[in-house]
Amino acid sequence: MEGGADPYYTRDARPVRWGKTLNDDRSARVGLAAGAALGIVLAAVGIVNSGGQGSALPAGAIALVNGHPIARESFARFAAAVAAERKVLSLDAETRRRLLERMLDEELLLQRGIELGLHRAEPTARGSIVSALVASVTANAELAEPEESELRAFHAANEELFRRSERVSLEVVFVSGDGQPDVTAFERARKLEEQLRAGVDFEGVGAQADEPVVRLPRGPLPLETVREYLGPAAARAAADLDTGEASAPLRTSSGYYVLRMRERIPGAPASFDEMRAQVRAEVLRGRGDQALRDYLLELRESADLRIEELEQATP
């Protein structure tokens with residue numbers, strides 16, 4: 001058999017990853033909720049493999065599990081994905097049979113889970129079902145490519161959604177925590193802060209500092225870039241600084257940073273050409289949201305809903 005053991009379900013219903021060694025088929029089967037399931041699986045495989053019963057399968061089905069068809073197309077996609085993972089062009093008959101057993105195992109577990117009401121009682125199962133349905137409803141609405149005129153009209157009507165982020169130009173000094181007590185490093189950083197607050201020229205202050213572990217790129221930067229380079233504490237401090245103001249020493253794993261705000265450049269509306277990709281994404285997302293609202297309205301109108309009156313909230 002190619003590429004190691006095939007996946008079987010473990011006791012918590014998660015498939016064992018490809019390539020993980022299993023002692024034998026019997027130990028792999030222990031993952032099913034009851035030993036009787038194995039008999040059902042083998043019986044189902046026997047029906048599929050028997051020439052006399054093959055004609056009883058619905059068109060396009062490769063197997064029936066308690067009357068529910070397993071689509072031949074689904075099995076073909078599964079087999080193709082496994083072959084691609086194993087870097088082979090095709091799978092031998094024995095491997096394909098075991099893959100089919102895997103799909104039957106999955107279907108049996110799914111049906112049993114539904115019988116036990118897990119799709120209603122288990123939050124993860126409920127969430128997966130709801131998410132899958134939402135995805136199918138919204139995907140159809142997002143298939144058609146928006147016209148250029150629709151995109152431009154949406155951008156013009158929603159300029160505030162498409163603004164360049166605020167950018168900041170910072171002066172940064174660093175005091176290393178290596179080779180000295182933390183209190184000493186903090187005191188050095190605090191003295192540099194005092195000089196920056198007093199308006200001392202940055203070149204003079206920087207000459208007393210250490211080489212930074214991370215150096216910010218030159219030029220005005222979005223706060224998100226400050227976060228990426230210096231961390232969230234530095235980004236929060238920069239967001240609160242006025243022009244010319246210096247931050248308190250900011251502790252990191254490697255030492256202390258002190259920031260001084262040189263310049264703040266407010267955000268401004270961006271042109272359509274700059275934001276075209278974001279505009280397109282928003283238009284498609286809006287289509288999906290509207291399709292979901294319409295679908296839910298149809299479901300509510302056709303459903304028998306009985307809701308207990310909620311008590312009025314008391315002030």
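Numbers here are sequence positions counted from 1.
Taking CZ of F154 as the reference point, atom CD of E159 lies at 12.0 Å (rounded to 0.5 Å). We find the CD-CG distance between E263 and L170 to be 11.0 Å, quoted to the nearest 0.5 Å. The distance from the CG atom of L110 to the CG atom of D105 is 12.5 Å, given to the nearest 0.5 Å. For the atom pair OG of S165 and CG of L221, the computed distance is 11.0 Å after rounding to the nearest 0.5 Å. A distance of 7.5 Å separates CG in L299 from CG in L133, rounded to the nearest 0.5 Å. Atoms CZ and CD, from R262 and E171 in turn, are 4.5 Å apart once rounded to the nearest 0.5 Å.
The shortest heavy-atom contact between L196 and A246 is CB-CB, 3.9 Å. Listed here is the closest heavy atom pair of L91 and R96: O-CD, 3.5 Å. Heavy atoms only, all atoms of each residue included: F202 and V173 are closest at CE1-CG1, 3.5 Å. Residue D201 comes nearest to R260 through the heavy atom pair C-NH2, 4.2 Å, listed as atom of the first residue, atom of the second, then distance. Shown here for H119 and I114, the closest heavy-atom pair between the two residues is CE1-O, 3.4 Å. Taking each heavy atom of M275 and A270 in turn, the nearest pair found is CG-CB, 3.4 Å.
Cluster annotation: L284 and L151 are assigned to distinct hydrophobic clusters (Ile/Leu/Val/Met/Phe/Trp/Tyr, side-chain heavy-atom contacts under 4.5 Å, transitive). I70 and L99 fall within the same hydrophobic cluster, where Ile, Leu, Val, Met, Phe, Trp and Tyr residues are linked whenever their side-chain heavy atoms come under 4.5 Å apart, directly or through other members. By the criterion of side-chain heavy atoms lying less than 4.5 angstrom apart, applied directly or through intervening Ile, Leu, Val, Met, Phe, Trp or Tyr residues, V258 is not grouped with L250; the two fall into different hydrophobic clusters. Residues V200 and M261 are members of separate hydrophobic clusters, defined by side-chain heavy-atom contacts under 4.5 angstrom among Ile, Leu, Val, Met, Phe, Trp and Tyr. Both M103 and V65 are members of a single hydrophobic cluster when ILVMFWY side chains are connected at heavy-atom separations under 4.5 Å.
Side chains of R276 and E148 form a contact here, defined as non-hydrogen atoms less than 4.5 Å apart. Two residues are said to be in side-chain contact when any heavy atoms from C-beta on lie closer than 4.5 Å; S176 and V213 fail this criterion.
Taking a 6.0 Å sphere around CZ of F162, one finds it holds more than 12 heavy atoms contributed by other residues, nucleotides or ligands. More than 12 non-hydrogen atoms from other residues, nucleotides or ligands lie less than 6.0 angstrom from CG of L297.
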For side chain to side chain donor-acceptor pair (under 3.5 Å), just list the numbers for Q111 and E107, CA-CA rounded to whole Å, side-chain angles, deciding distance to a tenth of an Å, and then say yes or no.
-> CA-CA 6 Å; Q111 291 181 18; E107 180 60 31; 2.8 Å; yes
Give the intermediate values and the outcome of side chain to side chain contact (heavy atoms under 4.5 Å, CB included) for residues Y256 and D182.
-> CA-CA 9 Å; Y256 289 90; D182 185 73; 3.0 Å; yes
Can you list the steps and then say if R77 with E73 is a salt bridge (charged side-chain N to carboxylate O under 4.0 Å, His left out)?
-> CA-CA 6 Å; R77 285 199 303 267; E73 181 183 353; 3.0 Å; yes
Worked verdict on Q180 versus V175 for side chain to side chain contact (heavy atoms under 4.5 Å, CB included) = CA-CA 10 Å; Q180 60 183 320; V175 175; 4.1 Å; yes
Using the side chain to side chain contact (heavy atoms under 4.5 Å, CB included) rule, take L223 and E166 through it: C-alpha gap first, then chi angles, then the decisive distance, then the call.
-> CA-CA 7 Å; L223 286 172; E166 179 189 44; 4.0 Å; yes
Are E194 and K191 close enough, and set up right, to give a salt bridge (charged side-chain N to carboxylate O under 4.0 Å, His left out), and what steps lead you there?
-> CA-CA 5 Å; E194 291 174 353; K191 289 179 181 178; over 6 Å; no
Stepwise side chain to side chain contact (heavy atoms under 4.5 Å, CB included) check, D294 with V137 | CA-CA 10 Å; D294 294 343; V137 172; over 6 Å; no
Please walk me through it: do R98 and E101 pass salt bridge (charged side-chain N to carboxylate O under 4.0 Å, His left out)?
-> CA-CA 5 Å; R98 292 168 65 84; E101 288 187 18; 5.8 Å; no
Hey, mind stepping through E282 and R285 against salt bridge (charged side-chain N to carboxylate O under 4.0 Å, His left out) and telling me if it holds?
-> CA-CA 5 Å; E282 282 296 316; R285 186 187 63 79; 2.8 Å; yes
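Using modelled atom types and a 3.5 Å distance limit, the side chains of R293 and Q290 yield a donor-acceptor pair.
Within the structure, side chain to side chain donor-acceptor pair (under 3.5 Å) contacts touching residues 217-237 (residues at least two apart or in different chains) do not occur. The salt bridge (Lys or Arg N to Asp or Glu O under 4.0 Å) analysis of residues 129-147, with sequence neighbours excluded, yields the pairs E145-R280.
Between Y257 and F174, the ring planes lie tilted relative to each other; the angle falls in the 30° to 60° range.
R264 places a side-chain N or O within donor-acceptor distance of the main-chain N or O of L241, the cut-off being under 3.5 Å. Between the side chain of R167 and the backbone N or O of P220 there is no donor-acceptor pair closer than 3.5 Å. Judged by distance alone, the side chain of D92 and the main-chain N or O of T95 form a donor-acceptor pair under 3.5 Å. R72 places no side-chain N or O within donor-acceptor distance of the main-chain N or O of I62, the cut-off being under 3.5 Å. Although no hydrogens or angles enter the test, the distance criterion places a donor-acceptor pair under 3.5 Å between the side chain of S247 and the main chain of L259.
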